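Source: prediction; values computed, not measured.
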Amino acid sequence: HQRLVIVHPGDNHILFHQEDPCGTVLVMEQHIPAADLKQRRLYVGPTSMITDNFAAQRYTKLIGHLPVLLAEHPQRALVICLGTGMTLSGVAAHEQIEQLDCAELSPAVTRAVHCYDHVNGRVMEDPRLNLIIHDGRTHLLRTRENYDVIALEPPPPANDGAAHLYSREFYQHCFERLSEGGALSQWLPFHLIQEQELRTLTATMLEVFPTVLLWELYPATEYCLIGLKQQGPIPL
C-alpha cells in the first residue's frame with residue numbers, strides 16, 4: 001500500500017529533490033514548533049523513510065555497531081541500503097574494518113546522503129568505502145567476496161520490492177557470503193508490523209542461522225535481528 005505525503009508550507013524547506021529510475025528522492029527540513037527543533041526527513045517515492053532525530057541516530061547506528069562487535073574477526077563489511085549513511089557510519093567507526101562495501105539501488109539517494117553529513121560523520125569521504133550502485137541481493141549473488149559483517153536497514157517488508165530482503169533465500173545468500181564467525185544485522189520496524197509478522201521473520205532467519213538474537217534498539221519501536229554463523233553462548 002502507498003500513502004500520500006502531504007508537505008505543509010511554512011518553516012519546511014526542501015534541501016534535495018531528484019528523480020532517478022527508482023523514483024523521486026526528497027530531503028525535507030521540517031521545523032517542529034512544539035519541540036523547538038528541526039529535523040531532516042528522507043522520502044523515497046511516497047514513503048517517509050527516516051529522519052535525523054536522536055531516536056533515528058540511535059537505532060540506525062546500532063545496526064552498524066552490533067554486528068561488528070559480535071563478529072569474531074570483523075575486517076570486511078557490506079552495508080545494504082545507504083539511506084542517510086548512519087548505519088554505514090556505525091560500521092565505519094570501527095578501525096578494524098579494512099574493507100567497507102555499500103550497495104544502494106538509488107543513485108539519487110547516494111547524492112542526497114550529503115544532507116546528513118552532520119549525523120553520519122561524512123562517511124562518504126571514508127577512503128575504505130566502495131560504493132556499489134546495485135540491488136543488494138543481486139550483489140550478493142554476483143560477488144565472490146566474503147564478508148565478516150553484513151548490515152542492512154531496508155524499507156519495511158510491506159514496501160514494494162522490499163520483501164525479498166526478508167526472505168529465507170536472501171538470508172541463505174548472506175549466510176553463504178559470510179565468513180566463519182560472521183554476523184548479519186537487519187532492522188525490524190516493530191511499530192509497523194504485527195506480533196505474528198515479527199515471529200515469522202524471526203523464524204525465517206532461524207531456518208538459516210544457528211544463532212539469532214533479537215535486540216531492542218529503541219523502546220517499543222525499533223528492533224534488530226542479528227544472525228550469527230557460530231553457535232554457542234554470546235559474550236554480552
Subject >> Any donor-acceptor N/O pair, Glu19 side chain to Ala108 backbone, under 3.5 Å >> reply: no
Original post:
Considering all heavy atoms of both residues, which atom of Leu15 and which atom of Cys115 are nearest to each other, and what is their separation?
Top reply: CB-SG, 4.2 Å
Original post:
Which residue pairs pass the side chain to side chain donor-acceptor pair (under 3.5 Å) test with at least one member in residues 204-216, sequence neighbours excluded?
Top reply: Arg168-Glu207, Glu216-Tyr223
Original post:
Can you list the residues that meet the salt bridge (Lys or Arg N to Asp or Glu O under 4.0 Å) rule with Glu125, with sequence neighbours excluded?
Top reply: Arg122
Subject >> Spatial distance of atom CG (Leu69) from atom CG (Leu62) [nearest 0.5 Å] >> reply: 9.0 Å
**OP:** For the pair Thr47 (side chain) and Met49 (backbone), establish whether a donor and an acceptor sit closer than 3.5 Å, ignoring hydrogens and angles.
**Re:** no
Subject >> Closest approach of Phe175 to Pro210 (non-hydrogen atoms, all atoms of both residues) >> reply: CE1-CD, 3.9 Å
Subject >> Rounded distance [0.5 Å steps], OH in Tyr218 versus OG1 in Thr60 >> reply: 12.5 Å
Original post:
In Å and rounded to the nearest 0.5 Å, what is the CG to CZ distance from Leu206 to Arg199?
Top reply: 12.0 Å
**OP:** Without swapping roles, check the side chain of His139 against the backbone of Ala103 for a donor-acceptor pair under 3.5 Å.
**Re:** no
Subject >> Non-neighbouring partners of Leu105 that pass side chain to side chain contact (heavy atoms under 4.5 Å, CB included), sequence neighbours left out >> reply: Cys22, Asp135
Original post:
Where does the angle between the aromatic ring planes of Tyr59 and Trp187 fall among parallel (under 30°), tilted (30 to 60°) and perpendicular (over 60°)?
Top reply: parallel
Subject >> Rounded distance [0.5 Å steps], CG in Asp52 versus CD in Gln30 >> reply: 9.5 Å
**OP:** Check the hydrophobic clustering (I, L, V, M, F, W, Y; side-chain heavy atoms under 4.5 Å; chains of links allowed) and say if Ile80 and Leu141 are grouped together.
**Re:** no
Original post:
Asp126: what forms a salt bridge (Lys or Arg N to Asp or Glu O under 4.0 Å) with it, not counting sequence neighbours?
Top reply: Arg128
Subject >> Considering all heavy atoms, the nearest Ala183-Leu178 contact >> reply: O-CD2, 3.8 Å
Subject >> Trace of the ring pair (Phe, Tyr, Trp, His ring centres under 6.0 Å) decision for His31 with His13 >> reply: CA-CA 9 Å; His31 179 226; His13 301 282; 9.5 Å; no
Original post:
Could you go step by step and tell me if Asp101 and Val79 meet the side-chain contact (heavy atoms from CB on, under 4.5 Å) rule?
Top reply: CA-CA 6 Å; Asp101 293 351; Val79 175; over 6 Å; no
Original post:
Is the side chain of Asp20 donor-acceptor paired with the backbone N or O of Gly23 at a distance under 3.5 Å, no angle test?
Top reply: yes
Original post:
Going only through I, L, V, M, F, W and Y residues with side-chain contacts under 4.5 Å, is there a path from Leu152 to Leu66?
Top reply: yes
Original post:
Taking atom CG of Asn146 and atom CD of Gln99, what is their separation to the nearest 0.5 Å?
Top reply: 9.5 Å
Original post:
Quick one: do the Tyr166 and Gln186 side chains pair a donor with an acceptor below 3.5 Å?
Top reply: no
Subject >> Which residues share a salt bridge (Lys or Arg N to Asp or Glu O under 4.0 Å) with Arg76, sequence neighbours left out >> reply: Asp148
Original post:
Is there any side chain to side chain donor-acceptor pair (under 3.5 Å) pair reaching into residues 224-236, and which pairs are they, with sequence neighbours excluded?
Top reply: none
Subject >> Nearest heavy-atom neighbours spanning Gly83 and Val113 >> reply: O-CG2, 3.7 Å
Original post:
To the nearest 0.5 Å, how far apart are CD in Glu104 and OG1 in Thr110?
Top reply: 7.0 Å
Original post:
Looking at Phe190 and Ala220, what are the two nearest heavy atoms and their distance?
Top reply: CD2-O, 3.3 Å
